[in-house]
Amino acid sequence: MSVEVAHITKTFGEFRALNDVSLRIRQGELVALLGPSGSGKTTLLRILAGLEVPDDGSGGVSFHEEVVTNQPVGKRQVGFVFQHYALFRHMSVFENIAFPLRVRPRRQRPSFEEIRRRVMELLELVQLSGVGKRYPSQLSGGQRQRVALARALAVEPRVLLLDEPFGALDAQVRQELRGWLRRLHQEIHVTSVLVTHDQEEALEVADRVVVMNAGRIEQDGTPEQVFHQPASEFVMRFLGQVNVFHGRVHKGRASFEDMAFDYPHYPHDQEQRATVYMRPHELDIHRSSNGVPSLAARVERLNPAGSSAKVVLRTQQGQDLLVDMPLERFRQLGLAPGEEVFVVAKAARVFVPDIAPEYMI
């Protein structure tokens, strides 16, 4: 089931939550709406569900080219999974999953045996076959969220909507459920929209990531595209830690502090300001400059705990730098606090107003 929103605007009083948003989701695709609080991602999800309606005169919502903008929630055949499970505490796991089937109008209601078969299939699908008789209070947070997902799938939804489904869970459980959701989606192939503010979650789970900011879509692309080819400074800053430098571009060169790179996007004689971004893993540390563009810096703090070592440095201009490096490289260097070193860029991105960003290696 493909989904399309076209030129949607939504305001709440003086606040514009969505501003002329258009998006197409292909059948069987899992798309993550990613952005900070207030970016419009949950409002867009609620409009897809029918829980909110667009402003009068703005665009509409279509499921598989059928306009559903004015359809009520019950007729859209969507499954909705909330952050806080929303399970009935007085009902067993089995009855929670069976509930949306039991409350259907009599003519559409499956038989008792059909409901039982469907619930047992869903319990197996979410890997909870043995807990049907338990109550939500007897389950872990991760198990409750899987029950909530099974309940959403019970009605065989055309579209599955997930609103921060792992937000109430601890880090280890979130990690486990992300991998589980990805595998489940590959098995059932239902068109799905996931709302999250967790960059790692979106990049790991989704087929496509839609980065939102201030009611607009900043970038729409694969996880690889939005991370390695950010279309704006907002996307660059939002997707992970960055080292930021303010410099200039002039006659095909970009310069900041004591470093300079070729920048063919700007061949003009007039000098213009630019912002240069480097991710921590795109920097390396050397004991000498060796004639390559580098920044002189002093080692401030070392943290080798984890899968990579983190090194905090301070440049001669007083700016802090964060460098991530493999543990093997860290041990090879044998760095010590207070040591003077040189920082070399393996990659950088230059943003100039009104010019597409350049990726320099």
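The first residue in the sequence is number 1, and the count goes up from there.
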I'd like to know if the side chain of Gln77 reaches the main chain of Glu156, judged simply by a donor and an acceptor atom lying under 3.5 Å from each other, with no hydrogens or angles considered. yes
Is any side-chain N of the basic residue among Arg298 and Glu300 closer than 4.0 Å to the acidic one's carboxylate O? yes
Taken in chain and number order and not counting sequence neighbours, the residues that satisfy salt bridge (Lys or Arg N to Asp or Glu O under 4.0 Å) with Asp324 are Lys310
Note: Glu66-Arg158 ion pair, threshold 4.0 Å (strictly below): yes
Quick one: does Glu218's side chain have a donor or acceptor within less than 3.5 Å of a partner on Val235's backbone? no
Answer yes or no: is there a donor N or O on one side and an acceptor on the other, between the side chain of Asn303 and the main chain of Ala305, under 3.5 Å? yes
Is it true that a side-chain atom of Thr315 and a backbone atom of Gln319 form a donor plus acceptor pair closer than 3.5 Å? yes
Would you please say whether a donor-acceptor pair under 3.5 Å links the side chains of Thr9 and Asp20? no
Between CZ on residue Phe63 and CD on residue Glu4, distance to nearest 0.5 Å: 12.0 Å
Taking Met212 as the fixed residue, which of Asp220, Leu18, Leu34 is the one that meets the side chain to side chain contact (heavy atoms under 4.5 Å, CB included) rule? Leu18
Scan side-chain atoms only and decide if Gln143 and Arg146 contain a donor-acceptor pair under the 3.5 Å cut-off. no
Asp284/Lys346 ion pair, N-O < 4.0 Å: no
salt_bridge(Glu201, Arg174) N-O dist < 4.0 Å: yes
With Arg151 as the cation and Phe88 as the aromatic partner, state whether NZ or CZ is under 6.0 Å from the six-membered ring centre and within 45° of the axis. yes
For residues 115-132, dump all side-chain donor-acceptor pairs below 3.5 Å to protein atoms at least two apart in sequence or in another chain.
| unit_1 | atom_1 | unit_2 | atom_2 | d |
| --- | --- | --- | --- | --- |
| Arg117 | NE | Glu114 | OE1 | 3.2 |
| Arg117 | NH1 | Glu121 | OE1 | 3.0 |
| Arg117 | NH1 | Glu121 | OE2 | 2.3 |
| Arg117 | NH2 | Glu114 | OE1 | 3.4 |
| Arg117 | NH2 | Glu114 | OE2 | 2.4 |
| Arg118 | NH2 | Leu153 | O | 2.8 |

Considering only NZ, NE, NH1 and NH2 on the basic side and carboxylate oxygens on the acidic side, decide whether Asp207 and Arg182 come within less than 4.0 Å. yes
Would you find more than 12 non-hydrogen atoms of other residues, nucleotides or ligands less than 6.0 Å from Arg109 atom CZ? yes
Is the closest basic N to carboxylate O distance between Glu95 and Arg102 below 4.0 Å? yes
Just by modelled atom types, is the Val61 backbone N or O under 3.5 Å from a matching donor or acceptor in the Thr69 side chain? yes
Gap separating the CZ atom of Arg89 from the OG atom of Ser137, nearest 0.5 angstrom: 9.0 Å
Gly215 backbone acceptor or donor facing Lys41 side chain under 3.5 Å: no
Determine yes or no for a side-chain-to-main-chain donor-acceptor pair under 3.5 angstrom, with His286 supplying the side chain and Val344 the backbone. no
Please determine whether a side-chain nitrogen of the Lys or Arg among Arg349 and Glu282 lies less than 4.0 Å from a carboxylate oxygen of the Asp or Glu. yes
Out of curiosity, Thr275 OG1 to Glu233 CD, how far, rounded to the nearest 0.5 Å? 4.5 Å
Provide the closest heavy-atom pair for Ala274 versus Val350 in the form atom of the first, atom of the second, distance. CB-CG1, 4.0 Å
Verify the distance criterion only: is there a donor paired with an acceptor across the side chains of Gln186 and Arg183 at less than 3.5 Å? no
Atom CG of Leu33 and atom OG1 of Thr196: how far apart are they, to the nearest 0.5 Å? 10.0 Å
What distance do Arg76 atom CZ and Gln71 atom CD have between them, rounded to the nearest 0.5 Å? 6.5 Å
Treating Gln145 as the side-chain partner and Phe82 as the backbone partner, does any N or O pair qualify as donor plus acceptor under 3.5 Å? yes
On the 0 to 90° scale, with breaks at 30° and 60°, tag the Phe256-Phe245 ring pair as parallel, tilted or perpendicular. tilted
Can you tell me how far apart CG (Asp163) and CG (Leu51) are? Round to the nearest 0.5 Å. 10.0 Å
His197 atom NE2: more than 12 heavy-atom contacts under 6.0 Å: no
Over all heavy atoms of both residues, which pair between Pro100 and Ala154 is shortest? Give the atoms and the distance, please. CG-CB, 4.0 Å
Member of Leu322, Asp320, Ile285 meeting the side chain to side chain contact (heavy atoms under 4.5 Å, CB included) criterion with Leu313: Ile285
Hydrophobic cluster identity match, Val159 and Val73, side-chain contacts under 4.5 Å: yes
